[in-house]
Amino acid sequence: MTAKIAYDDVEVGAELPARTFPVTRATLVQYAGASGDFNPIHWNEKFAVEVGLPDVIAHGMFTMAEAIRVVTDWAGDPGAVVEYGVRFTKPVVVPNDDEGATIEVSGKVAAKLDDNTVRVDLTAMSAGQKVLGMSRAVVRLA
């Protein structure tokens with residue numbers, strides 16, 4: 001596959017379509033099974049509270065993966081992402097109810113780089129708090 005977005009058609013400041021991702025306890029159990037990360041802070045409320053957390057929290061790598069989906073959906077090719085990094089700033093707290101939590105992600109083209117690449121800066125929020133800092137991807141466009 002190749003990115004569907006042409007480098008020449010992109011301007012600095014262009015906003016990517018924002019997305020909201022639901023996260024429930026069932027989502028966390030599914031991710032734990034797929035990733036092999038069964039740390040009890042992600043599924044056992046009693047344990048999470050005992051270690052000082054407000055409740056069960058989403059896996060950091062799950063949160064990171066959901067955020068980059070904004071970029072891969074926009075580019076049209078997951079392989080177009082050539083670099084991606086974040087800092088984990090706040091946990092995504094997932095209550096044990098029918099609603100769970102949400103992760104709201106927006107992105108903006110922050111810079112046009114060499115070799116048909118752009119830097120996209122992402123903002124990921126949950127419960128009104130920024131959950132990822134310095135969330136940036138370098139994407140090779142068509």
Side-chain angles (χ1 to χ4, degrees), residues 1-7 9-114 116-142:
M1 291 180 74
T2 313
K4 295 179 183 178
I5 305 292
Y7 178 82
D9 294 340
V10 174
E11 298 295 327
V12 170
E15 294 186 13
L16 282 62
R19 299 258 327 255
T20 298
F21 302 98
V23 187
T24 64
R25 295 281 178 95
T27 309
L28 300 182
V29 170
Q30 291 167 337
Y31 182 81
S35 68
D37 181 352
F38 292 100
N39 186 324
I41 65 172
H42 303 303
W43 58 270
N44 184 321
E45 185 174 337
K46 181 179 179 291
F47 182 86
V49 171
E50 284 175 356
V51 298
L53 295 168
D55 205 334
V56 165
I57 63 170
H59 302 73
M61 297 305 287
F62 170 81
T63 305
M64 189 178 176
E66 291 292 75
I68 197 65
R69 288 176 59 189
V70 167
V71 175
T72 59
D73 288 352
W74 170 72
D77 177 13
V81 176
V82 295
E83 186 178 316
Y84 178 45
V86 306
R87 288 191 181 151
F88 301 107
T89 57
K90 297 279 184 185
V92 175
V93 178
V94 183
N96 189 19
D97 59 20
D98 293 335
E99 295 178 25
T102 58
I103 303 169
E104 299 93 24
V105 183
S106 60
K108 185 181 289 191
V109 175
K112 291 184 87 170
L113 309 171
D114 296 331
N116 281 15
T117 60
V118 297
R119 189 186 89 218
V120 175
D121 291 353
L122 296 167
T123 301
M125 307 282 293
S126 184
Q129 295 189 317
K130 194 172 185 179
V131 295
L132 298 176
M134 299 294 291
S135 183
R136 296 178 173 172
V138 175
V139 184
R140 181 164 289 111
L141 301 178

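It should be emphasised that the depicted structure is a prediction, and the values quoted were computed from it without experimental measurement.
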Nearest-0.5 Å distance, CD1 of residue I68 to CG of residue L132: 10.5 Å

Pairs satisfying side chain to side chain donor-acceptor pair (under 3.5 Å), at least one member in residues 58-67, at least two apart: E66-R69

Spatial distance of atom CD1 (I57) from atom CD1 (I41) [nearest 0.5 Å]: 4.0 Å

Rounded distance (nearest 0.5 Å) linking atom CG of L16 with atom CG of L122: 7.5 Å

Minimal non-hydrogen separation, T24 against E99, with atom names: CG2-O, 4.3 Å

Over all atoms of both residues, closest heavy-atom pair of A3 and L141: CB-CA, 3.9 Å

Any donor-acceptor N/O pair, T102 side chain to T20 backbone, under 3.5 Å: no

Expected output: side-chain Y7 to main-chain L113 donor-acceptor under 3.5 Å: yes

Main-chain N/O of T123 paired to K108 side chain as donor or acceptor, under 3.5 Å: no

Polar side-chain atom of T72 near backbone of D77 as donor-acceptor pair, under 3.5 Å: no

Atom pair OG (S126) and NZ (K90), whose distance is rounded to the nearest 0.5 Å: 12.0 Å

Non-hydrogen atoms of M134 and R87 that approach each other most closely: CG-NH1, 3.8 Å

Ring pair (Phe, Tyr, Trp, His ring centres under 6.0 Å): pairs with one or both residues in residues 65-96, sequence neighbours excluded: none

N/O donor-acceptor pair under 3.5 Å between K112 side chain and V10 backbone: yes

CG on D114 to CZ on R140, rounded to 0.5 Å: 10.5 Å

Heavy-atom closest pair, residues V70 and P17: CG1-O, 3.5 Å

Rounded distance (nearest 0.5 Å) linking atom CG of D37 with atom CZ of F62: 12.5 Å

Minimum-distance pair of heavy atoms, taken over all atoms of V49 and P54: CG2-O, 4.0 Å

Residue of the set D55, D98, D97 for which salt bridge (Lys or Arg N to Asp or Glu O under 4.0 Å) holds with R25: D55

Heavy-atom pair of closest approach, residues V81 and V71: CG2-CG1, 4.0 Å

